[in-house]
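Below is one structure, written out as structure tokens; comments come after it.
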Amino acid sequence: MLELRKDIFADERDDNLKEIGKPTQRQDMIGHVTGTTAYFDDHKLAGMLHLKVLRSPHHHARIRRIDTSEAERSGGVRRIIRGADVPRNLNTLLSLLNFGKDDEPSLATDKVRYKGEPIVAIVANTEREAFEALTKVRVDYEQLTPVFDVEEALKPGAPVVNETYPKNTFEYHGKYDHQRLRFGDVEQAFASADHVLEQRYQMSPIEHAPTETNGSIAAPEANNRFVVYTCAQGLFFSLDTTAKILDVPSNKLHFIGGTVGGGFGGKVDSLTEPLVTLAAMLTGRPVRYVLGREDEMQFGSPRGAERIYVKDAVMRDGRVTARQVRSYFDSGAYTRLSSYAVIKCAAHIPGPYTIPNVHADIYCVYTNRVPATAMRGFGVTAVDFAIECQMDKLAHLIGMDPMEFRILNAYRDGDMKAHRREAKNTALIECVQVAAEKAKWSIRDEYKRMSSRAGGGGARAAIPHTKLDSGLQAPARPAPQRTSYDRPLPPPVAPPPPAPPPAAPPANVQHGAARFSSVFGTRRR
Amino acid sequence: MKAPVQFKHNGSDVAVFVDGGASLLTALRDGVGDTSPKFGCGQGTCGVCTVLIDGEVHLACITLAETVAGRSVETADGLKSGPNLHPIQTAFMDNFAAQCGFCTPGMMMAAKALLDRNPSPTRADVIDAISGNICRCTGYEPIINAILAAAGSRQRA
Amino acid sequence: MPITVKTFATLGEAASALQSDRTAHFLAGGTLVMRAINEGDTSFSTVVRATDRAFGEIRPAGARVTLGAGVTMAQVMANGELSFLHAVARSVGGPAIRNMATVGGNLFAPSPYGDFTVALLALDATLAMQGGYSGRETPLEEFLANRERNTSLVASVTFNRPNPDAFRFRKVSRVKPKGISVLSIAAHLPANGGRIAGARVAYGAMAPAPMRAKSVERALEGRALDESGITAAVAAAAEGTTPQTDALASAWYRREMVAVHLKRLLSGSQ
């Protein structure tokens, strides 16, 4: 059951919570238990056609020829859709935010880059007729050497997975092949450390496996529009992606979402909406395109695999003095959201700890695997797995209790983070203390008394001398970021460094948004 | 060539025409218009299509529609009596036993099959009864609690 | 071509229909055939069914037990005279699958499925076939060796009722209670004056079809089921096995684990 620890940070809040902590019934629960909650597939439209897709059986191959003539004559077939029929057959999800180059076709034309990649779409009167027509499509492939390992993909001479990114890495700002974080001097810290621990962590791709598979239904509607019932987690993402790929104004599309039968990030890629909408446009009929379970497992995007190297310097007294992370995201054959995941990862390092020297290189790598996508905290969850395993190992190495070790190294209010932002409203110490209490894990009194609000700042607020790889000196001023909602700084322990000029207050503080914004790190008062 | 299938659906006589080889799931969703059983795998592994045929749990997606001719089929759509919820439905609500809700109809039918023959199941009995139903959201605990709570309630449909 | 379902009153008629259309599939419980249809298998267009009562009958006539091929796992579990098979039937699928899955269908289930057949193999079962060699009882082992080429309809399965103490079964799966086999083991070890006479040990998911572990049988034959007997059996555990690598387990893992679980099965430990 839920327990509210109001004793912690008690002086920071009014005890006037009306909703939090009280069991409130979901507004859709009555629909769930009566079977009346509407999912996309609970719409049956008269004269509905069925769309099935021919997928690449190869991990990496050139397409020499596609012959659909026999399939076109197959019983019940209404329309066959090929790459040339797609108005804009190259897209990337985040182009909607001007981030990344269009790299992924809706239907492959000259090359396939992962097993399961769509090549031809068949629209027929029944599912069985669509399946039968699929067996009659002839594709001539010239198989190419695939690459499945992120580090192999980065070696010179590796097969080029995706010609949009010929070095098999995403390009940030048109010129950088990875994300970097530099803070202090890790080499110096390694040289003077009592122990250095380097470990390699590997996470496999993970399948969302929602009980409801990906799918959508599109149909012509009044006012010359098209209605699309979809399982999409982001309705406007999906609408705008479809409008772009089909080269129609977005007001021509009427997207209706509903309850998603489990998404977890696996229903953000608009896997079915563009093709099914195009099929409705080309046939003038309602069309349904739903993935079977095998296709959901094979073709539906997984959480991307990650390989993470963590090298830490630790002192006998328990302080972690340096953390160097090199991480490779396996984006699969196309970008989708992995470019963004890498930024999130870089923003998360070194974890919720104050470590005076931090160095990170994070890569978004292309391989001939199924393109990866978002899943529950992607970008952060895997690197956290690596960091927390590493923390346990470090504690074990120096003979310190792992909970106390975390409390010792936790960031505190006023500390400078590796991203040149001040740590504010921190609470890791209290979380570990309560976790230890709940697990009946004994920690010493000294650690029970520690607080996020004490011991930070002072010398820990300084930005260390940081030399960049280019030889230039990194900026020595923190990024200004304070609002009136932030907890006041702790009293300085040592003479404070020269104070930077006070940051101008933000022009319009929006109470609703700013209060819970993770960017500003505020907490309700 | 469509074949007729007549059966009892939640107590009412229905008749639908189905394509050869069509599943009971298709007959219910497309023919009868009962969308409470869901499509999740088509393989009989996920359980979201769980229905009762003559009181026993079956998976509609791998049941040939024609085989229910003359038999009684029950789905989640038929749990209510008039506007009143079945004790299983109330227990699922009270115990927050659903998040996305997609597995819920199948879970409730598996629960009904259990409680109709064993009004006082143990926790192990409940786990066995829902062992053919996958949930990706709740972690199963609220569902197990809901079924035990429904068993404890004195009302019986 | 659309699917045509043909339903016959007798197994004989059903068998003839199968003989005349070699691509036709026989539908018993539906767990395999309906799955194939749902997943877009267009290699067959005809489904054959039979409503013959004998198909779904259990005939435990004294020392010999005959199960109609249409008998479901749930029916086996509900029959008090088949208590030695209850653990086996319970291990197949979940409750709904057990109401649908049949003895006959399990004979054709591809590895790693087919746990009920593993038990039948350890019981030296024979099959009564319709069509083809009608009237001849086919040893299960022979059927399994030729399973891919089979065109006959299995009408029933027969075996000698074992002494319940002599029959053991174990299914190893990652998910419990319902899960697909990493491997399964059935053993029939009748004892004569403390020594095993007529040992039969069968494995599931250790080969393309359920197989007999003949090296293990030879190691146990004539011995007592004591520590040295078990050690000899376990030493031969993986001999002759050709397990596959699939989503559940690698071939290496299966070969390692069969010895571990054979030992637990023989020594009666969890």
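Naming convention: chains lettered A, B, ... in sequence-line order (proteins, then strands); numbering from 1 in each chain.
- Looking only at heavy-atom pairs under 4.5 Å with chain B, the residue among C:V175, C:N99, C:T7 that has the most is C:N99.
- If you measure heavy-atom distances from C:T31 to chain B, the contacts under 4.5 Å come from both the backbone and the side chain.
- Scanning all heavy atoms of the two residues, the minimum distance from B:P37 to B:L28 falls at CG-CD1, 4.0 Å.
- With respect to B:K2 and B:D19, a salt bridge is recorded, a charged nitrogen being found less than 4.0 Å from a carboxylate O.
- A salt bridge does not link C:E13 with C:R49: none of the charged nitrogens is closer than 4.0 Å to a carboxylate oxygen.
- A parallel orientation is assigned to the rings of C:F44 and C:H25, their planes being inclined by less than 30° (bins at 30° and 60°).
- For chain B, no part of C:L32 is nearby; none of its heavy atoms comes within less than 4.5 Å.
- When the candidates B:T50, B:I62, B:T63 are compared by the number of heavy-atom contacts under 4.5 Å with chain C, B:I62 comes out ahead.
- Residue B:A110 does not touch chain C at all, counting heavy-atom pairs closer than 4.5 Å.
- At a threshold of 4.0 Å, the pair C:D246-C:R254 counts as salt-bridged, since one of the basic side-chain nitrogens sits closer than that to a carboxylate oxygen.
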